There are 2 protein chains.
Amino acid sequence: MCSTNYKGGLLMDTPNKKNYHHGDLRKTLIHVGIELISESGASSLDLRKVARIAGVSHAAPYRHFADKKALIAAISEEGFNLLAIEMEQAISMKANSAHEQLRGMGHAYVQFAITNPSLVREMFSGLTIEREAYPSLYDISKKLFNMIETVVIIGQEKGNIKKSDSNELTCAIWSMMHGTAILIIENQLKPVTMQINGIEHITQVCMDSLILGLGAS
Amino acid sequence: MCSTNYKGGLLMDTPNKKNYHHGDLRKTLIHVGIELISESGASSLDLRKVARIAGVSHAAPYRHFADKKALIAAISEEGFNLLAIEMEQAISMKANSAHEQLRGMGHAYVQFAITNPSLVREMFSGLTIEREAYPSLYDISKKLFNMIETVVIIGQEKGNIKKSDSNELTCAIWSMMHGTAILIIENQLKPVTMQINGIEHITQVCMDSLILGLGAS
DNA sequence: ACCTGAACACCGTTCAAGT
DNA sequence: ACCTGAACACCGTTCAAGT
């Protein structure tokens with residue numbers, strides 16, 4: 001409902017050339033990059049265009065990023081940060097029920113993805129694999145994992161989640177949230193999402209299927 | 001176990017220039033493209049390099065594809081075809097149990113993803129959204145959906161899967177398989193996949209969590 | 001019908017030179 | 001310390017011309 005969206009938030013902090021000698025160019029490039037990815041899709045991120053919009057020469061970004069890939073890594077990192085904020089909020093809103101927390105997390109994750117589809121694609125485009133090259137990117141994604149696991153552990157203590165390995169259950173939960181989000185933004189769940197409130201409905205169905213199981217009752 | 005991998009399968013059908021006047025260039029370009037994506041990652045797919053390896057001029061591909069994006073769409077389509085074959089096999093191998101079929105599908109899906117990670121990323125990089133532009137790409141992805149749904153419906157008839165809307169249950173199953181596969185190839189499930197047989201184990205855990213549910217028993 | 005070669009605009013990256 | 005401008009190699013795309 002209040003997922004962060006970058007469209008339109010650009011012009012406020014961009015052509016303010018006074019700041020570039022004070023270390024703000026790095027941040028500016030990241031935010032311009034997020035904006036461009038949101039608009040035109042991830043594959044076409046244009047480093048020269050980023051510099052142009054930021055009001056610097058096309059060589060300036062190389063003061064702050066080793067190459068284009070490093071900028072994309074920084075953008076992805078910011079994406080994980082934004083997603084973590086949404087998740088944190090969703091978790092704290094339903095503090096009294098683990099099942100409700102799981103549903104709320106699913107909705108927040110999906111909502112973030114449909115609000116920032118290209119950014120989410122970029123966040124899961126293979127850069128997290130290069131852990132030595134982008135350690136902080138891996139760290140922030142691990143923070144997400146830990147947030148989910150905390151919910152699981154507390155739910156287990158209260159007796160609402162079964163007492164298997166919390167690491168493994170966390171994998172299952174994240175997998176379901178992520179798969180649901182991705183398939184929705186790729187239009188693969190069209191038969192269902194076309195309906196009224198289809199996206200919220202199918203998110204709920206997916207989380208409930210995981211919570212309750214598919215087996216015949 | 002026998003998931004299709006393109007590495008090394010290229011040279012057999014490539015520098016055979018006799019075929020290019022018989023309509024084989026299109027296929028050759030697709031297969032060279034898959035190979036290059038498998039090697040170097042999706043974002044760096046180089047149309048001129050594809051043509052070079054195929055043994056034609058850099059302008060020749062434009063006889064067969066409107067632009068680079070159209071080639072990528074054709075590559076993705078081939079990827080969905082290959083995935084569908086693996087899934088079909090997994091389904092038919094466990095014909096007597098719906099739950100085993102679900103587990104087998106999960107393993108096949110994950111296996112395909114870790115064998116062809118860049119290809120899978122390309123398949124879910126936003127092209128399926130442009131349905132008017134690439135109708136056959138959407139069709140083949142829909143075929144996957146239908147394959148899963150058939151398993152669900154038969155499982156429901158036999159009393160092994162609960163009798164909710166089969167469309168919705170299919171969404172949940174595909175979401176779980178897809179999320180598991182993607183998070184694994186993005187190294188996000190590292191805490192668990194590092195263990196011996198970690199990947200197969202966590203795939204099993206994810207599918208079982210969905211089948212049996214997370215609730216305390 | 002299918003492919004080639006030259007040409008154009010534009011991008012990622014580097015580096016000497018500026019303040 | 002940070003940024004600029006020219007330069008280089010290379011890519012996507014187009015188009016007149018070849019067989």
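As the structure is a prediction and not an experimental result, all values here were calculated from the model. Here is how names work: the chains are called A, B, and so on, in the same order as the sequence lines, proteins then strands, and each is numbered from 1.
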List in chain and number order the residues that pass side-chain hydrogen bond (donor to acceptor under 3.5 Å, both in side chains) with B:Ser166, two or more places apart in sequence or in another chain; answer none if no residue qualifies.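 side-chain hydrogen bond (donor to acceptor under 3.5 Å, both in side chains) check on B:Ser166 returns B:Glu149.
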Run the side-chain hydrogen bond (donor to acceptor under 3.5 Å, both in side chains) test against B:Thr128 and tell me which residues pass, sequence neighbours left out.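 Checked B:Thr128 against side-chain hydrogen bond (donor to acceptor under 3.5 Å, both in side chains); matches are A:Glu186.
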Rounded to whole Å, please give me the gap between [atom1] in [X] and [atom2] in [N].
{"X": "A:Leu47", "N": "D:dT4", "atom1": "CG", "atom2": "P", "result": "13 Å"}
{"X": "B:Phe65", "N": "C:dC2", "atom1": "CZ", "atom2": "C1'", "result": "15 Å"}
{"X": "B:Asp24", "N": "C:dC3", "atom1": "CG", "atom2": "P", "result": "10 Å"}
{"X": "B:Lys69", "N": "D:dC11", "atom1": "NZ", "atom2": "C1'", "result": "18 Å"}
{"X": "B:Arg63", "N": "D:dT19", "atom1": "CZ", "atom2": "C1'", "result": "14 Å"}
{"X": "B:Leu25", "N": "C:dA1", "atom1": "CG", "atom2": "P", "result": "17 Å"}
{"X": "B:His64", "N": "D:dT13", "atom1": "NE2", "atom2": "P", "result": "16 Å"}

Relative to the 5' end of DNA chain D, which residue comes earlier, B:Tyr62 or A:Ala60, by the nucleotide with the nearest heavy atom?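 Nearest-nucleotide comparison on DNA chain D picks A:Ala60.
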Per the ring pair (Phe, Tyr, Trp, His ring centres under 6.0 Å) rule, what does the pair list look like for residues 178-205 of chain A, sequence neighbours excluded? A:Tyr109-A:His178, A:Phe124-A:His178
Please identify each residue that fulfils salt bridge (charged side-chain N to carboxylate O under 4.0 Å, His left out) with A:Glu130, with sequence neighbours left out. A:Lys69
A:Glu200 meets the salt bridge (charged side-chain N to carboxylate O under 4.0 Å, His left out) criterion, sequence neighbours left out, with none
Grab the N/O contacts between the protein and nucleotides 6-10 of chain D below 3.5 Å, and write none if there aren't any.
from	atom 1	to	atom 2	distance (Å)
D:dA6	N6	A:His58	NE2	3.1

Given pairs defined as Watson-Crick or G-U wobble with both distances under 3.5 Å, what dot-bracket annotation applies to DNA chain C, with ( ) intrastrand, [ ] crossing, | other strand and . unpaired? ||.|||||...|||||.||
Touch class at under 4.0 angstrom, heavy-atom based, for A:Leu45 against every strand present: sugar-phosphate
Contacts of type ring-ring contact (aromatic ring centres under 6.0 Å, His included), residue A:Tyr62, not counting sequence neighbours: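 For A:Tyr62 there are no ring-ring contact (aromatic ring centres under 6.0 Å, His included) partners, ignoring immediate neighbours.
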Check every atom of D:dC3, C:dG12, C:dC3 against the side chain of A:Ser57 and return the nucleotide holding the closest atom.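 My answer, after comparing the listed nucleotides, is D:dC3.
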The side chain of A:Asp67 lies closest to which of these nucleotides: D:dT4, C:dT13, C:dC2?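 Between D:dT4, C:dT13, C:dC2, the one nearest the side chain of A:Asp67 would be C:dT13.
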Between CH2 of A:Trp174 and CG of A:Leu169, what distance do you get to the nearest 0.5 Å?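 Atom-to-atom, A:Trp174:CH2 and A:Leu169:CG are 15.5 Å apart.
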Tell me, which pairs form a side chain to side chain donor-acceptor pair (under 3.5 Å) where one or both residues lie in residues 137-147 of chain B, sequence neighbours left out?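 Of all non-adjacent pairs touching residues 137-147 of chain B, those that pass side chain to side chain donor-acceptor pair (under 3.5 Å) are A:Gln188-B:Ser141.
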Do B:Met105 and B:Met177 have side-chain heavy atoms sitting under 4.5 Å apart?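 They are in side-chain contact.
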